[in-house]
Undergrad: 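Before I ask anything, here is the structure I am working with.
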Amino acid sequence: MSRHAMNKPALNRFLVLAAVLGLAAFSNNPYVINLLVVCGLYALPAIGLSLLMGYTGQISLGQSAFVGVGAYGSVLLAQHLQLDPWYSLALATALSAFTAWSLGWLVFRLKGHHLAMATLAIALILHTVLVEWRSVTGGPDGISAIDPISIAGHALLDDLHFLPLAWLVCYAGLCLADYLVRSPFGLAMRTVSENEAVARSLGIDAAQVKRKVMALSGAYAGLGGALYAHWIGYISPEPFSVAFSIKLLLIVALGGVSGVWNVLFGVFIVVIVSEWLKPLGRLDVVIYGLLLIVVMIYCREGAVAALAGLYRKLPQRLRPGARASLKLQGRTSA
């Protein structure tokens with residue numbers, strides 16, 4: 001019975017996602033389908049960042065760097081070693097995780113704003129390397145003619161075919177993250193977030209916990225980047241700049257830094273806002289920064305929690321379905 005109760009929420013979420021994606025696919029609207037693919041790919045690094053920030057309490061402004069490692073790593077491995085995209089994708093995910101784990105050994109000697117600056121430096125360094133190492137990365141021109149991912153010999157060349165893969169991977173990532181935060185290791189993560197001294201007194205190796213979560217966060221980011229590269233067919237350094245890290249921070253802040261499934265709310269909001277801000281060009285990062293400040297000041301628990309709080313404060317008669325409930329109660333009492 002308890003196992004059924006635990007699986008029911010995950011099943012309900014899966015059915016809701018499947019219904020939304022099915023309606024989008026049957027609508028045959030290329031624009032909507034494209035946005036949903038982007039949402040699925042954005043969600044992966046955001047989930048990793050939610051685990052690192054929301055549950056382990058470690059600030060990171062360098063998530064875009066690990067997305068870039070995954071994207072370029074998968075493409076370069078596939079092209080230079082003649083690997084199938086599935087193998088290069090797996091290796092690039094492992095490479096991103098290892099890079100994050102190694103850097104975690106260095107940056108987690110710092111705390112607070114010093115840690116934020118260190119992770120920001122990582123993003124800036126990676127972006128500079130991608131731009132300047134022209135012989136390997138192609139520089140600002142990037143890399144084109146990237147092989148698509150194939151399933152049973154059928155290449156996923158268009159958005160409609162890539163959509164199920166993007167969201168199956170995203171759903172699996174959400175379930176894994178949800179299971180992790182409910183496990184004993186998740187309890188250790190939250191203990192480290194609250195107080196590292198208390199965690200050490202309980203026998204928890206805080207440094208190891210932070211590095212492991214950093215590696216997992218890097219794996220999520222690398223997987224998202226690798227999928228993006230083989231979906232879009234062309235990559236350049238621009239999508240992996242610090243501006244993308246700010247987007248991811250905004251996604252996590254909107255969903256609530258300690259809500260894994262709430263990340264999807266932030267993803268949809270940010271992707272829609274990104275479409276509205278396209279005419280601004282690179283100035284859009286200013287809007288993202290302002291939105292992030294507003295959310296962190298007025299919605300510290302996330303927009304989802306803020307909306308739920310407003311709903312609870314509404315008079316009962318104003319809530320959806322309240323009138324029908326009141327009528328039923330009147331009939332029963334009569």
Side-chain angles (χ1 to χ4, degrees), residues 37-38 40-49 51-52 60 62-105 119 122-123 125-139 141-151 155-157 162 165-174 176-177 211-242 244-245 247-248:
V37 173
V38 173
L41 298 180
Y42 272 35
L44 285 169
I47 295 166
L49 187 59
L51 291 174
L52 185 63
S60 176
Q63 192 74 343
S64 61
F66 306 120
V67 181
V69 169
Y72 275 87
S74 183
V75 170
L76 293 173
L77 286 169
Q79 292 186 349
H80 291 283
L81 300 181
Q82 302 298 312
L83 294 178
D84 183 272
W86 284 108
Y87 294 118
S88 66
L89 187 146
L91 289 174
T93 302
L95 175 63
S96 185
F98 177 75
T99 303
W101 184 83
S102 302
L103 291 173
W105 177 81
T119 55
I122 291 172
I125 291 170
L126 188 280
H127 187 261
T128 302
V129 169
L130 295 180
V131 172
E132 299 298 332
W133 201 3
R134 298 171 185 267
S135 60
V136 175
T137 65
D141 296 330
I143 303 174
S144 58
I146 299 172
D147 293 334
I149 292 175
S150 298
I151 297 179
L156 307 182
L157 295 173
F162 197 88
L165 173 63
W167 276 97
L168 279 174
V169 174
C170 179
Y171 179 77
L174 285 166
L176 174 62
R211 289 178 68 185
K212 287 178 180 178
V213 178
M214 182 80 161
L216 182 59
S217 179
Y220 272 101
L223 179 58
L227 286 170
Y228 168 80
H230 291 286
W231 166 60
I232 204 72
Y234 163 80
I235 53 172
S236 66
E238 185 59 29
F240 313 114
S241 65
V242 176
F244 186 53
S245 287
K247 275 188 181 181
L248 294 173

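Numbering starts at 1 and runs along the sequence shown.
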Undergrad: Is Ser236 reaching over with its side chain to a backbone N or O of Gly142, donor-acceptor style, under 3.5 angstrom?
TA: no
Undergrad: Is the shortest side-chain heavy-atom distance between Val242 and His127 below 4.5 Å?
TA: no
Undergrad: Locate the shortest heavy-atom distance separating Ala229 from Val75; write the atom from each residue and the value.
TA: CB-CG2, 3.6 Å
Undergrad: Does the pair Met214 and Phe66 meet the rule for a side-chain contact (heavy atoms from CB on, under 4.5 Å), with working shown?
TA: CA-CA 10 Å; Met214 182 80 161; Phe66 306 120; 3.9 Å; yes
Undergrad: Return the minimal non-hydrogen interatomic distance between Ala92 and Gly70, and the atom names on each side.
TA: CB-O, 3.4 Å
Undergrad: Using the salt bridge (Lys or Arg N to Asp or Glu O under 4.0 Å) rule, collect all pairs that involve residues 221-242, keeping only residues at least two apart or in two chains.
TA: Glu238-Arg282
Undergrad: Under the side chain to side chain contact (heavy atoms under 4.5 Å, CB included) test, which residues partner Ala177, sequence neighbours left out?
TA: Ile47, Leu51, Tyr220, Val260
Undergrad: My understanding is that only residues two or more places apart in sequence, or in another chain, count here; which of them pass side chain to side chain contact (heavy atoms under 4.5 Å, CB included) with Ile151?
TA: Trp86, Leu156
Undergrad: Which pairs count as salt bridge (Lys or Arg N to Asp or Glu O under 4.0 Å) when at least one residue sits in residues 80-99, sequence neighbours excluded?
TA: none
Undergrad: Is the side chain of Gln82 donor-acceptor paired with the backbone N or O of Gln79 at a distance under 3.5 Å, no angle test?
TA: yes
Undergrad: Just wondering, more than 12 heavy atoms not from Tyr87 lying within 6.0 Å of its OH?
TA: no
Undergrad: Report yes if the side chains of Pro85 and His230 come closer than 4.5 Å at any heavy-atom pair, otherwise no.
TA: yes
Undergrad: Within the side chain of Gln63, is there an N or O that forms a donor-acceptor pair under 3.5 Å with the backbone of Pro45?
TA: yes
Undergrad: Which atom names give the shortest non-hydrogen contact between Ala65 and Ala123, and what distance separates them?
TA: CB-CA, 4.0 Å
Undergrad: Between Leu44 and Val67, is there a side-chain heavy-atom distance shorter than 4.5 Å?
TA: no
Undergrad: Working to the nearest 0.5 angstrom, can you tell me the gap between Tyr234 OH and Ile146 CD1?
TA: 9.0 Å
Undergrad: Any idea which heavy atoms bring Ala215 and Ala100 closest together, and the distance?
TA: CA-CB, 4.1 Å
Undergrad: Could you pull out all residues at least two apart from Leu41 that satisfy side chain to side chain contact (heavy atoms under 4.5 Å, CB included)?
TA: Val37, Phe162, Ala166, Leu227, Tyr228, Trp231
Undergrad: Hey, what do you get for CD1 (Ile122) to CG (Leu103), rounding to the nearest 0.5 Å?
TA: 4.5 Å
Undergrad: Quick check: do Thr137 and Tyr72 have side-chain heavy atoms less than 4.5 Å from each other?
TA: yes
Undergrad: I need the full list of side chain to side chain donor-acceptor pair (under 3.5 Å) pairs touching residues 93-102, with sequence neighbours left out, sorted by first then second residue.
TA: none
Undergrad: What closest approach, in Å, do Ser245 and Ser64 show between heavy atoms, and which atom pair accounts for it?
TA: OG-OG, 2.8 Å
Undergrad: Restricting to non-hydrogen atoms, name the atom on Leu89 and the atom on Ala226 that form the minimum distance, rounded to 0.1 Å.
TA: CG-CB, 3.8 Å
Undergrad: Working to the nearest 0.5 angstrom, can you tell me the gap between Ser241 OG and Leu126 CG?
TA: 11.0 Å
Undergrad: Check side chain to side chain donor-acceptor pair (under 3.5 Å) between Thr119 and all other residues, then give those that pass, not counting sequence neighbours.
TA: none
Undergrad: Tell me every residue that passes ring pair (Phe, Tyr, Trp, His ring centres under 6.0 Å) with Tyr42, counting only those two or more places apart in sequence or in another chain.
TA: Phe244
Undergrad: Please enumerate all residues that pass side chain to side chain contact (heavy atoms under 4.5 Å, CB included) together with Leu77, with sequence neighbours excluded.
TA: Leu81, Leu83, Ser88, Leu91
